[in-house]
Each structure stands twice: as C-alpha cells, then as structure tokens.
Amino acid sequence: MSEPPPVRLRVAPSPTGDPHVGTAYMSLFNLAFARQQGGQFVLRVEDTDRARFRPDSEQQVYDMLRWLGLDWDEGPDKGGPYAPYRQSERLETYRPYVDQLLADGHAYRCWCSSARLVQMREDQQKRKLPTGYDRLCVGLDREARAELPGFSETPVVRMLVPDDPPLQFVDLIRGEVSAPRPDDQVLLKADGFPTYHLAVVVDDHLMGITHVVRGEEWISSTPKHLLLFDWLGWPRPAFAHMPLLRNVDKSKISKRKNPAARLTWFAEQGYLPEALLNFLGLLGYSVPGEEEIFSFERMSESFDWARVNTVGPVFDLDKLGWLNGHYLRELSEPDFAERALPFLQRSGLVGDPASTQELELLAGVVPLVQTRVAVLSELPDLVSFLFVSEESFEVDPAAAAKALTAASAPVLRAAADAVEGMTEWSAAAVQAAVDAALLEDGLGLKRGKAYLPLRAAVCGAAISPPLPESMALLGRERTLRRLRAAADRAEASAPPDVG
RNA sequence: GUCCCCAUCGUCCAGCGGCCCAGGACUCCACCCUUUCAAGGUGGCUACGCGGGUUCGAAUCCCGUUGGGGGCACCA
C-alpha cells in the first residue's frame, strides 16, 4: 500500500529590508494548501545577495509571520531534516552541481565584464533585438578570452540554453502556460554565491519541495528552472504562480508607492492579524459561497487552486479597514482592552506597566469606543480626554471656537450646577440631571444643541464617545472642574458680533 | 524595444453556454435610528473594453484589436 508522498511547500523570503506583504500573501496560500493536504511548510531564507542583505530583516520576517499565525514546520530558527535553511550556509551544497553542469556541457564559464554586458544590452535594444547574452565566451578558455575586450578576471558560470528549451509547463492556477525563451542565465556569481535560479532548483529538490508556489513575476524564469531540473535528472515540482498584489495605479505593489507593502506597517497601525489574513485571502481568491468573513481554517479546508484568480488585485485599504473594524467589534471587551493597551502606552497616555486605575479606566471606556475605530491607532485621540492629567487637558481650538462661545456660557454654568448637586454618580444619573437643567424643563434647549458645548468642555473635542457615559467615567470632580473652566473661558471669549 | 501573462461595477470577488437586460462585499449617496462620531437598518448609483466569429443561445468558447501588468541583472 503506497501512501501518496506528503506535499511540501515553502516560502523563500530574501532578508533585504522590511518584510514585504507579498511574503505574507505567498505564505498564506502555501500554508493553506499544505495544511489541507497534511503536508509541511518550510521557511527558507534566500540570502544570496550580500549587497542588499540586512541583518535584522530575517528576525522581522519571523516576527511578522508569527504575528499573522503563519507558522512553519522547518526553518533556520527551528531546524529540520534538511538543515541548514539559510542559503548562505549552503554554499558547499551547490558546488558539485555546478561542476556537474560544467562537465556535462550544460554550463560554461564567462569572463565578460559587467561594462561589456551593459553595452551589449544597450546595442541590442537600440537595434530592436531581444536582449540576451551573446555567448562571446562559449568555447573559449581563459587565455583565449583574455585577448578579447571586456575581460574580467573573475568568471561567472552560465547555463548553455539549448535551441529548443522547454517553454511550456502546466500551472496549477493558469493551466498550460508558455514562457519566454531564457537567456544564458548566470548560475554562479563571481563571488562564488549561486544566483537565485541555481539555488532554488537545488534547494527545492534537496528539500523535497513538491509544489512551488510563488508570484507571477517568476513565470518568465520558469523555463530556466525546468532546464535545470531536467539536466540534473530531477523530477519537476508542480508550479502555481500567484497573481501580483498591486498599487492603486495597478503597478506591482511597492514600498515606495504603498505603505501597505511593508508588513510592519499593519501592526503599527493597529490592524488585527486575523483581519489582515482574512483580507489577503480575499485578494485573488474566494472561498466557496458568498462569505467574505472567514478564518484561515475555513480557507484551508476548502482550498482549491482553481479558485485562485489570474488577475492582480489592487490592495484596497478601504476594505481592509472595514474588515478590521468588523474583527475589532467581535472581540470581547477584555480582549479589545488587551489589544488596545499597547497603543495607549505608545502614545504616552498610559504607563508601562499600566496602573490598576488606568486599567479600570480602560475597561470602562472600551464599550464606548469599540464600534468607533477602524484601526487601533485611532484610539489614543478618541480617549485621551480620560487619561490626561487635568493640568495638561486642553480643548481642541477648533472645537472651542465653535462650542465655547459667550452664548454657551450659561449652558455650561447650568450643567456645572446640575452636576454639583448630584448625589448619585452614573451615566444615567448624569444624563437625567443635565437634561433637567438644559432641556425643556430647564433652559429649553434641544439635546443636540445643549450637548455640544459640554462635549467640547469635557472631552475637548467636537467628536467624542457618548457624553453622559464619558462624564461618568471621568468622575464628578474632573467633570465639574472642566465644566467650570470652560464656562469661564466662554464668558471671557468675545461676544458674538452683533453689528 | 522585446518576450510572456492578463481583461466583469471606482475597488475586491461570484459567474465556468441558457437560471444573468449579471449577484455579493467595500467605497460613495439618500433615508431611518440618534447627544457628536461610529455601529446598525433600509434603499440607490455604477461593470461583462472593442470588433469579428462559433452556437438555437455567449460575461462564459475561438480569433483579432485595444488596454493593463510582469520579465528581459553577477536582485530575488
């Protein structure tokens, strides 16, 4: 009885800077399929470009993928049967294959200087020819080549692409795909590091990768990989080329044009990992049925390559914001408070560690704000009035100009008096007392009109959480103090121009 | 320039020859609720790029065209 071999998938980020959303996007689809099939998911670090290498980048990738819950089975940090999982530590692994390719006549050394190569490409473009290496070095040894111009002392190794390379392959998402004829791609750089093309093929084979899931940008280099698999006598893995995430202008998503290209941005802004994951699952993909809100488990269990789109989706922050708001509202109040706390601490409103008093205040304000934010970073502005000291409390100038006018002074005074006379302190009691003083039985105002100056006085802004509840949380002393201060200020302000 | 990929509302998706004069979601607009702002509810605007075929019948298949994207590095 032969068990089908378990599927093995991988994501292969390059540690060249802030982790990219694309890495999370690819990981999501790789993992969804791997889990559905009961296979493994490998994290391999492709750090063969030492010019762009950034030492802290690798850890950031780990942090962000873990934050999203996209955990891997094998990787540089956790090891595994095919270690090492960092390409820079596998240099010796690639060597014999380069030698074999050279010996079999599938590869050759090239001493062309980069200056010559640049020149060559320019000429080709000018003459409207397809660009590609002109094979000057084919059949030459070092001595012979050194006689010719554009010579460089340290050679690279290039693949010798035959006249009829395999250009067709089956893609899990696109079906039969044809790709362009490859160039004599460099396999081994002058510094002894393999290029991506050599390293992926060798590592994917050695690590038993059965499905290569990567971005559409790789379609055009797949023939190179096919050739390498064939030359080395290895079975070809299955390929799935995912659509590319786009900027609003439809170009490939980039850190320059889109803050959302950086994974760390989402955490900073206060997006929930579950919301981001759900959103990524909505891009270029849909779960059967009409549901849009779904978990990783749901996506994984029903996963189907045929449901992946071929069109590159625009990364639309509006929808993500809505989704995030949805997930935020679904959190229990204690959970919401827990997620919110770091944002209040970062903005200096709450100490680290938070005091019991601060935590109580936070717990009290959660039900007032949970439906009022799309991302957690909006929270500090909304609740700062509760956490700042009375000394540093300030009314927003625009709100003051609009609401703390001379005409509103009597309203503020009346409210202050009403609050002062209260015996029981609760939102309902505050509302009853204030309403009695200001509405029909009192000054005869409409509630909307009456609350405007109070809101500015107590919350310091024209927009705030519900007023009586806010006052209840603030406490009687602080409320009273703010009402009186605002009344003084309103009286002192210039009377309306009655010209 | 050259090669390859792609094409349904502004955006994300559904649709895989008749159920579609195209459905859902986000955005936007209006109304309701309402102490502000949200949330919630109701309703509305908006799309099969174009031209040829194939077929009794096409958003769905084919060809062309236009448009968009990606590759063309000793970067991944």
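Residue numbers begin at 1 in each chain, while the letters A, B, ... track the order of the sequences. Model, not experiment: these values are computed from the prediction. Side chains included, hydrogens not; waters and symmetry mates left out as well; all remaining heavy atoms used.
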What's the closest nucleotide to the side chain of [X] if the choices are [options]?
X: A/Ser251; options: B/A14, B/G70, B/G68; value: B/G70
X: A/Arg174; options: B/C6, B/A38, B/U35; value: B/C6
X: A/Asn309; options: B/U2, B/C13, B/G70; value: B/C13
X: A/Gln431; options: B/C6, B/U35, B/C12; value: B/U35
X: A/Pro466; options: B/A7, B/C12, B/U35; value: B/U35

Say you pick atom [atom1] in [N] and the same atom in [M]; how far apart are they, in whole Å?
N: B/U27; M: B/A38; atom1: P; answer: 12 Å
N: B/U65; M: B/C3; atom1: P; answer: 13 Å
N: B/C48; M: B/A58; atom1: C1'; answer: 11 Å
N: B/C56; M: B/G10; atom1: P; answer: 35 Å
N: B/U60; M: B/U55; atom1: C1'; answer: 13 Å
N: B/C29; M: B/G68; atom1: P; answer: 30 Å
N: B/A30; M: B/A14; atom1: P; answer: 31 Å
N: B/C28; M: B/A47; atom1: C1'; answer: 16 Å

Does a salt bridge link [X] with [Y], judged by any charged N lying under 4.0 Å from a carboxylate O?
X: A/Glu440; Y: A/Arg447; result: no
X: A/Asp56; Y: A/Arg54; result: yes
X: A/Asp184; Y: A/Arg135; result: yes
X: A/Asp204; Y: A/Arg44; result: yes
X: A/Glu394; Y: A/Arg482; result: no

Under 3.5 Å, N/O pairs linking protein and nucleotides 22-29 of chain B:
| unit_1 | atom_1 | unit_2 | atom_2 | d |
| --- | --- | --- | --- | --- |
| B/G23 | O2' | A/Glu290 | OE2 | 3.4 |
| B/G24 | N2 | A/Glu292 | OE2 | 3.1 |
| B/A25 | O4' | A/Glu292 | OE1 | 3.0 |
| B/A25 | O2' | A/Glu292 | OE1 | 2.6 |
| B/A25 | O2' | A/Lys319 | NZ | 3.4 |
| B/A25 | N3 | A/Lys319 | NZ | 3.1 |
| B/C26 | OP1 | A/Trp322 | NE1 | 3.4 |
| B/C26 | O2' | A/Lys319 | N | 3.4 |

Produce a footprint string for nucleotides 58-64 of chain B: one letter per nucleotide, 5' end first; B if the base is under 4.0 Å from any protein heavy atom, S if only the sugar-phosphate is, - if neither. -------

Any chance CZ of A/Arg109 has more than 12 other-residue heavy atoms, nucleotides or ligands included, within less than 6.0 Å?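 For A/Arg109, atom CZ is not crowded (no more than 12 foreign heavy atoms under 6.0 Å).
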
Please check if the number of heavy atoms outside A/Glu176 that lie under 6.0 Å from its CD is greater than 12.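 Atom CD in A/Glu176 is crowded, with more than 12 foreign heavy atoms closer than 6.0 Å.
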
Answer yes or no: does a side-chain N or O of [X] lie under 4.0 Å from OP1 or OP2 of [N]?
X: A/Arg372; N: B/A38; value: no
X: A/Lys250; N: B/U11; value: yes
X: A/Ser464; N: B/C37; value: no

Please work out if [X] contacts a base, only the sugar-phosphate, or nothing of the nucleic acid, heavy-atom cut-off 4.0 Å.
X: A/Pro182; result: nothing
X: A/Arg329; result: sugar-phosphate
X: A/Thr371; result: base
X: A/Pro243; result: nothing
X: A/Glu469; result: base
X: A/Leu283; result: sugar-phosphate

Which whole-number value in Å describes the distance from [X] [atom1] to [N] [atom2]?
X: A/Ile173; N: B/A7; atom1: CD1; atom2: P; value: 13 Å
X: A/Lys257; N: B/G70; atom1: NZ; atom2: C1'; value: 13 Å
X: A/Leu245; N: B/G69; atom1: CG; atom2: C1'; value: 13 Å
X: A/Arg246; N: B/A7; atom1: CZ; atom2: C1'; value: 10 Å
X: A/Leu244; N: B/A7; atom1: CG; atom2: P; value: 15 Å
X: A/Asp304; N: B/A14; atom1: CG; atom2: C1'; value: 15 Å
X: A/Leu282; N: B/A14; atom1: CG; atom2: C1'; value: 12 Å

Side chains of [X] and [Y]: is there a donor and an acceptor less than 3.5 Å apart?
X: A/Ser464; Y: A/Arg455; value: yes
X: A/Asp435; Y: A/Tyr451; value: yes
X: A/Ser332; Y: A/Asp335; value: yes
X: A/Ser251; Y: A/Lys257; value: yes

Check: A/Thr16 side chain, A/Phe53 main-chain N or O, donor-acceptor pair, under 3.5 Å: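 Not confirmed, A/Thr16 side chain does not pair with A/Phe53 backbone.
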
Tabulated below should be each protein N or O lying under 3.5 Å from an N or O of nucleotides 72-76 of chain B; please produce it.
| unit_1 | atom_1 | unit_2 | atom_2 | d |
| --- | --- | --- | --- | --- |
| B/C72 | O2' | A/Thr131 | OG1 | 2.7 |
| B/C72 | O2 | A/Thr131 | OG1 | 3.4 |
| B/A73 | OP2 | A/Arg121 | NE | 3.3 |
| B/A73 | OP2 | A/Arg121 | NH1 | 3.3 |
| B/C74 | O2 | A/Ala190 | N | 2.7 |
| B/C74 | N4 | A/Cys112 | O | 3.2 |
| B/C75 | OP2 | A/Lys189 | NZ | 2.8 |
| B/C75 | O2' | A/Asp49 | OD2 | 2.7 |
| B/C75 | O2' | A/Arg52 | NH2 | 3.3 |
| B/C75 | O2 | A/Arg52 | NH2 | 3.3 |
| B/A76 | OP1 | A/Thr48 | OG1 | 2.8 |
| B/A76 | OP1 | A/Lys189 | NZ | 2.6 |
| B/A76 | OP2 | A/Tyr196 | N | 3.3 |
| B/A76 | O3' | A/Ser14 | OG | 3.0 |
| B/A76 | O3' | A/Glu46 | OE1 | 3.1 |
| B/A76 | O2' | A/Ser14 | OG | 2.5 |

With a 4.5 Å cut-off on side-chain heavy atoms, are A/Val45 and A/Ser88 touching?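 They are not in contact (no side-chain heavy atoms under 4.5 Å apart), so the answer is no.
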
Non-hydrogen side-chain atoms of A/Pro237 and A/Phe229 separated by less than 4.5 Å: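 They are in side-chain contact.
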
Parallel, tilted or perpendicular: which describes the rings of A/Tyr285 and A/Phe303, with under 30° parallel and over 60° perpendicular?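 Parallel: the ring planes of A/Tyr285 and A/Phe303 meet at under 30°.
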
Looking at [N], which nucleotide sits across from it as a Watson-Crick or G-U wobble partner, both distances under 3.5 angstrom, or is there none?
N: B/A59; answer: none
N: B/A38; answer: none
N: B/C45; answer: none
N: B/A7; answer: B/U66

If each of A/Arg127 and A/Ala462 is mapped to the nucleotide of RNA chain B with the nearest heavy atom, which maps nearer the 5' terminus, i.e. the 5' end?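 Nearest-nucleotide comparison on RNA chain B picks A/Arg127.
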
